[in-house]
Amino acid sequence: MGLAREIERLRKRRGMTYQQLAEASGVKLNTLYGALGYCRDDIADKYIDQLCRALNVDAEALRRKYCLDAGETPPCEEQPEKPVENEAE
């Protein structure tokens, strides 16, 4: 599972529409459609932070899962399917 698929899975799990996630994160709706709708894994680092805050997910844990450092563009390869969730939900 790639980074975009993980974020998409979290969005669905929380019952959020793209519009709701856009409003909660401050990421433009078209940007969400482009990244998540097409499962692109080249999501800009600043958007990862914004989306993780809106989804109540630890951005650093997500980066570690996908072997990213802050400011790094995600690699386009398959990753393990273990979800990244905050303990306190």
Side-chain angles (χ1 to χ4, degrees):
M1 179 184 302
L3 177 64
R5 285 192 179 126
E6 177 76 2
I7 293 172
E8 176 67 359
R9 186 190 67 77
L10 292 165
R11 178 192 69 80
K12 288 179 180 178
R13 184 170 180 187
R14 283 158 176 70
M16 296 178 83
T17 64
Y18 282 108
Q19 181 68 43
Q20 290 168 327
L21 182 55
E23 290 171 3
S25 66
V27 176
K28 291 182 182 179
L29 188 58
N30 286 342
T31 301
L32 284 179
Y33 281 135
L36 303 183
Y38 295 104
C39 293
R40 293 183 55 193
D41 284 333
D42 60 347
I43 301 170
D45 194 59
K46 67 179 180 179
Y47 298 138
I48 294 171
D49 288 331
Q50 290 172 266
L51 293 168
C52 285
R53 272 193 299 277
L55 293 167
N56 193 31
V57 174
D58 182 340
E60 291 308 312
L62 192 67
R63 284 186 182 93
R64 281 192 302 274
K65 178 180 176 181
Y66 291 95
C67 304
L68 301 175
D69 292 320
E72 184 178 334
T73 301
C76 295
E77 60 186 50
E78 292 298 310
Q79 299 293 326
E81 295 209 16
K82 184 179 177 189
V84 175
E85 300 281 346
N86 280 348
E87 296 279 330
E89 284 191 41

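For the numbers below, each heavy atom of this structure counts, side chains included, while hydrogens, waters and symmetry mates do not. Note that the coordinates shown come from a computational prediction; the quantities given were computed from them, not determined experimentally.
Remark: L55 CG to R9 CZ distance equals 10.0 Å, nearest 0.5 Å. Atom CZ in R11 sits 7.5 Å away from atom CG in L21 (nearest 0.5 Å).
Between A22 and L32 the shortest heavy-atom distance is N-CD1, 3.4 Å. Taking both residues in full, the closest heavy atoms of L62 and C52 are given as CD2-SG, 3.6 Å, listed atom of the first, atom of the second, then distance. A pairwise comparison of heavy atoms in A4 and A35 identifies CB-O, 3.7 Å as the closest pair.
With contacts defined as side-chain heavy-atom distances shorter than 4.5 Å, the pair E6/V57 does not qualify. Using a 4.5 Å heavy-atom threshold, the side chains of D49 and R63 count as touching.
Looking at E8 and R5, no side-chain N of the basic residue comes within less than 4.0 Å of a carboxylate O on the acidic one, giving no salt bridge. Using a cutoff of 4.0 Å between basic side-chain nitrogens and carboxylate oxygens, K65 and D58 are not scored as salt-bridged.
Judged by distance alone, with hydrogens and angles left aside, the side-chain atoms of T31 form no donor-acceptor pair with the main-chain N or O of V27 at under 3.5 Å. The backbone N or O of Q20 sits nowhere less than 3.5 Å from a side-chain atom of E23 that would complete a donor-acceptor pair.
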